[in-house]
Amino acid sequence: MIPVFVQDVQGYTATRAGMLLMPAGLLLVAVLPITGRLSDKAPGHIMVAIGLAFFAAGVAAMSTGDAHVSFWTFAGFAALSRFGLAFILPSLSAAAFKALKPDELARGSGNMNFIRQLGGASGTNLIVVLLQMRHSSHSEEMMRSQTPSNGATRELMLQLDERLSSAGLGEEGTTAIANNYVMQMIDAQALAFAFQDCFLALAVVFTIAIVPAFVLGKFGDK
């Protein structure tokens, strides 16, 4: 979601999008040894719940992003979510495997990897569908507001017509270009709103996931 957002909404190149994620990756590498040691001492479900809370907070902050959010602000949001991931990764496996007998570890590991891959693939597909649905919904809603009584749009169209006319374009040409420009603005804004909805939905999902994290504690921390 993050690299797609900054490329489609903010116009970043693929390289700049990757650079935005670099601080988050470095933070994850730095914190993992610490949280790994903590996972040997602290209850696993507490560590997972803390990680989910940080991850949800980071993604919730991303839901406020738009085309004008700065590079370092969004990099900070990404780093906050990765900080939470550092609590989740070592503790989740440890807490899950504590509930298994030694002869069940092989099957448990296989099942856990399968569920993890299935969840990742399903989550990606669902969020893409949600993004497309919210993009279409926002586009339609914003298009319905483009009426002669919409003062902001009318003023924008007049300014565009004046500038294009001063450049020597005819009336038909200026109208067509102005209409196309407004349509592009609407589509870009609708896409930004759709990403905000998806980030917020992810924050809700990660918050809800704190509940099964505590259920895990009933089995893994015995």
For a side chain to side chain contact (heavy atoms under 4.5 Å, CB included) check, start with the C-alpha distance between Phe97 and Glu104, then their side-chain angles and the critical distance, and finish with the verdict. CA-CA 9 Å; Phe97 291 146; Glu104 296 175 331; over 6 Å; no
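- Under the 4.5 Å side-chain heavy-atom criterion for ILVMFWY residues, no single connected hydrophobic cluster contains both Leu200 and Leu80.
- Atom CG of Leu130 and atom CG of Leu202 lie 8.0 Å apart (nearest 0.5 Å).
- Pairs engaging residues 57-68 under the salt bridge (Lys or Arg N to Asp or Glu O under 4.0 Å) rule: none recorded [sequence neighbours left out].
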What side-chain donor-acceptor pairs closer than 3.5 Å can you find for residues 13-33, not counting sequence neighbours?
{"residue": "Thr13", "atom": "OG1", "partner": "Arg16", "partner atom": "N", "Å": "3.1"}

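- In this structure, Leu100 and Leu105 approach most closely via the heavy-atom pair CB-CD2, 4.1 Å.
- In terms of the side chain to side chain donor-acceptor pair (under 3.5 Å) criterion, Asn111 has no residue partners (sequence neighbours excluded).
- Contacts of Phe214 classified as ring-ring contact (aromatic ring centres under 6.0 Å, His included), with partners at least two apart in sequence or in another chain: His45.
- Phe83 and Phe54 have perpendicular rings, their planes meeting at more than 60° on a 0 to 90° scale where under 30° would count as parallel.
- Within the structure, side-chain hydrogen bond (donor to acceptor under 3.5 Å, both in side chains) contacts touching residues 70-83 (residues at least two apart or in different chains) are Ser70-Thr73.
- Residue Phe114 is found in a hydrophobic cluster whose other members, listed by chain and number, are Ile115, Leu118; membership requires side-chain heavy atoms under 4.5 Å apart, directly or through intermediates.
- We find the CD1-CD distance between Ile186 and Glu140 to be 12.5 Å, quoted to the nearest 0.5 Å.
- Evaluation of the side-chain hydrogen bond (donor to acceptor under 3.5 Å, both in side chains) test over residues 25-40, restricted to residues two or more places apart or in two chains, returns none.
- Atom CE of Met1 and atom CD1 of Ile127 lie 5.0 Å apart (nearest 0.5 Å).
- Listed here is the closest heavy atom pair of Gly65 and Gln196: O-NE2, 2.7 Å.
- Considering every non-hydrogen atom in both Ile2 and Ala78, the closest pair reads CD1-CB, 4.0 Å.
- Connection of Met62 to Phe71 is established within a shared hydrophobic cluster, with ILVMFWY side chains joined at heavy-atom distances below 4.5 Å, either directly or through further cluster members.
- Linking Ile, Leu, Val, Met, Phe, Trp and Tyr whenever their side-chain heavy atoms come within less than 4.5 Å puts Val9 and Val4 in one cluster.
- Residue pairs satisfying the salt bridge (Lys or Arg N to Asp or Glu O under 4.0 Å) criterion with at least one member in residues 192-205, sequence neighbours excluded, are listed as follows: Arg134-Asp197.
- Between Ala49 and Ala213 the shortest heavy-atom distance is N-CB, 4.4 Å.
- With sequence neighbours excluded, the residues forming a ring-ring contact (aromatic ring centres under 6.0 Å, His included) with His138 are Phe193, listed by chain and number.
- With sequence neighbours left out, Phe195 forms a ring-ring contact (aromatic ring centres under 6.0 Å, His included) with Phe5.
- Other cluster members for Val205: none, since no ILVMFWY side-chain heavy atom sits under 4.5 Å from it.
- Linking ILVMFWY side-chain heavy atoms closer than 4.5 Å, directly or via other members, places Ile208 and Ile46 in two distinct hydrophobic clusters.
- Other residues sharing the hydrophobic cluster of Met133, ordered by chain and number and joined by side-chain separations under 4.5 Å: Val129.
- Interatomic distance, NZ of Lys101 versus CZ of Arg107, reported as 10.0 Å (0.5 Å rounding).
- The line from OG of Ser91 to CG of Leu38 is 8.0 Å long, rounded to the nearest 0.5 Å.
- Val211 and Leu52 end up in different hydrophobic clusters when Ile, Leu, Val, Met, Phe, Trp and Tyr side chains are linked at under 4.5 Å.
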Audit row: Ser93, Arg116, side chain to side chain contact (heavy atoms under 4.5 Å, CB included) steps and yes/no: CA-CA 11 Å; Ser93 297; Arg116 182 177 293 169; 3.7 Å; yes
